[in-house]
Asks: 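Below is one structure. I have some questions about it.
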Amino acid sequence: MDEGLAALIAGAAGLIGAFGGALIGGRAAVQGARISAEATAAVARYQMRIPAYRAFQISLDQFRHSLTSGEEVDVRALRTADQGVHANLHRVWEVGLEDVTTKARAITEACLAIREKVQDRELVSPQDREQAWRTEVLPHRLEMNEIIRRLGM
C-alpha cells in the first residue's frame with residue numbers, strides 16, 4: 001500500500017470518528033439540556049406550591065370567618081368566601097402534589113356542603129355552624145397541613 005492510500009484511509013477513519021464523536025456529543029448535549037429544563041421546571045413548581053398552599057389556607061380562614069363570626073350569616077359573604085376556596089383549589093391543583101390536591105378537593109367539597117346547609121337554613125345557630133366546621137372541614141385541613149409539613153414547606 002502506498003503512503004497516499006494509507007493517508008486517505010487514515011483521514012477517512014478520522015472523519016468517521018469525528019462524526020461519531022459529534023453525534024454522541026450532540027446527544028449528550030440534548031440530554032443535558034433536557035435534564036436541566038426538567039430540573040428548572042421542578043424548582044419552579046416547588047416555588048409556586050408555597051404561595052398556592054398559603055392562598056388556599058387564607059381562603060379557608062375567610063370561609064370560617066364568614067361562617068362563624070356572628071349570630072347571623074351573611075350568605076353573600078359566605079358564598080364569596082366559598083368561591084375563594086374553590087378558586088384557590090384550582091391554584092393548588094395546577095402546582096400541588098396529589099396528596100395535597102386530594103385533601104384540598106375534599107375541603108372544598110365540605111365547604112360547599114356547609115354553605116348549602118346554611119342557605120337551606122339547616123345550620124342556623126353559631127354552635128351548629130362551628131360544629132360543622134370542626135367535623136366536616138377541620139379534620140381534612142389538619143391532615144393537609146401535616147402533609148405539607150412533611151414536605152418541608
Asks: Heavy-atom distance under 4.5 Å between the side chains of Leu60 and Cys111, does that happen here?
Replies: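 In contact.
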Asks: Atom CG in Asn88, atom CD in Gln62: separation rounded to 0.5 Å?
Replies: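 Between atom CG of Asn88 and atom CD of Gln62 there are 8.5 Å.
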Asks: Using every non-hydrogen atom in the two residues, find where Pro126 and Gly70 come nearest and quote the distance to one decimal.
Replies: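 For Pro126 versus Gly70, the nearest heavy atoms are CG-O, 3.9 Å.
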Asks: Applying side-chain contact (heavy atoms from CB on, under 4.5 Å) to Arg115 and Leu112, what does each step give before you reach the verdict?
Replies: CA-CA 5 Å; Arg115 180 176 62 108; Leu112 176 61; 3.2 Å; yes
Asks: When rounded to the nearest 0.5 angstrom, what distance separates CD1 in Ile114 from CD in Glu122?
Replies: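 With rounding to 0.5 Å, CD1 (Ile114) is 11.5 Å from CD (Glu122).
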Asks: How many angstroms lie between atom NE2 of His140 and atom NZ of Lys103, to the nearest 0.5 angstrom?
Replies: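 So the gap between those two atoms works out to 5.5 Å.
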Asks: Can you find a pair of side-chain heavy atoms, one from Val100 and one from Leu151, that are under 4.5 Å apart?
Replies: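 Yes, at least one pair of side-chain atoms sits under 4.5 Å.
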Asks: Does anything in residues 65-80 form a side-chain hydrogen bond (donor to acceptor under 3.5 Å, both in side chains)? List the pairs, not counting sequence neighbours.
Replies: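 Non-adjacent pairs meeting side-chain hydrogen bond (donor to acceptor under 3.5 Å, both in side chains): zero.
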Asks: Can you check whether Glu136 reaches Gln131 side chain to side chain, under 4.5 Å on heavy atoms?
Replies: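 Glu136 vs Gln131: side chains apart.
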Asks: Taking a hydrophobic cluster as the set of Ile, Leu, Val, Met, Phe, Trp and Tyr residues connected by side-chain heavy atoms closer than 4.5 Å, whether directly or through intermediates, do Leu97 and Leu89 fall within one such cluster?
Replies: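 Leu97 and Leu89: one cluster.
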Asks: Check whether Asp128 reaches the backbone of Val124 with its side chain - one donor and one acceptor, N or O, closer than 3.5 Å.
Replies: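 Here the side-chain-to-backbone pair does not exist.
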Asks: Does any pair with a residue in residues 52-69 pass salt bridge (charged side-chain N to carboxylate O under 4.0 Å, His left out), and if so which ones, sequence neighbours excluded?
Replies: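 Checked against salt bridge (charged side-chain N to carboxylate O under 4.0 Å, His left out) - neighbours excluded - the pairs reaching residues 52-69 are Asp61-Arg141, Arg64-Glu130.
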Asks: Output the distance between atom CG (Asp99) and atom CD1 (Ile148), rounded to the nearest 0.5 Å.
Replies: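 Reported to 0.5 Å precision, the distance equals 10.5 Å.
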Asks: Is there a continuous path of hydrophobic side-chain contacts, each under 4.5 Å between heavy atoms, that joins Val137 to Ile58?
Replies: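 Val137 and Ile58: separate clusters.
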Asks: Can you see which heavy atom on Pro139 is nearest to which on Arg134, and at what distance?
Replies: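 Scanning both residues completely, I find the closest heavy atoms to be CD-O, 3.1 Å.
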Asks: Between Ile107 and Phe56, is there a side-chain heavy-atom distance shorter than 4.5 Å?
Replies: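 Yes, their side chains come closer than 4.5 Å.
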Asks: Restricting to pairs with a member in residues 87-109, which pass ring pair (Phe, Tyr, Trp, His ring centres under 6.0 Å), not counting sequence neighbours?
Replies: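 Found His86-His90.
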Asks: Evaluate Arg91 against Glu94 for salt bridge (charged side-chain N to carboxylate O under 4.0 Å, His left out), listing each step before the verdict.
Replies: CA-CA 5 Å; Arg91 288 185 65 190; Glu94 288 173 359; over 6 Å; no
Asks: Let me confirm one number: the CG-CD distance from Asp82 to Glu116, rounded to the nearest 0.5 Å.
Replies: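 Rounded to the nearest 0.5 Å, the CG-CD separation comes to 8.5 Å.
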Asks: Rounded to the nearest 0.5 Å, what separates atom CG in Leu78 from atom CZ in Phe63?
Replies: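 Rounded to the nearest 0.5 Å, the CG-CZ separation comes to 4.5 Å.
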Asks: With no hydrogens and no angle check, do the side chains of Asn145 and Gln57 hold a donor and an acceptor under 3.5 Å apart?
Replies: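 There is such a pair (donor and acceptor under 3.5 Å, judged by atom type) between the side chains of Asn145 and Gln57.
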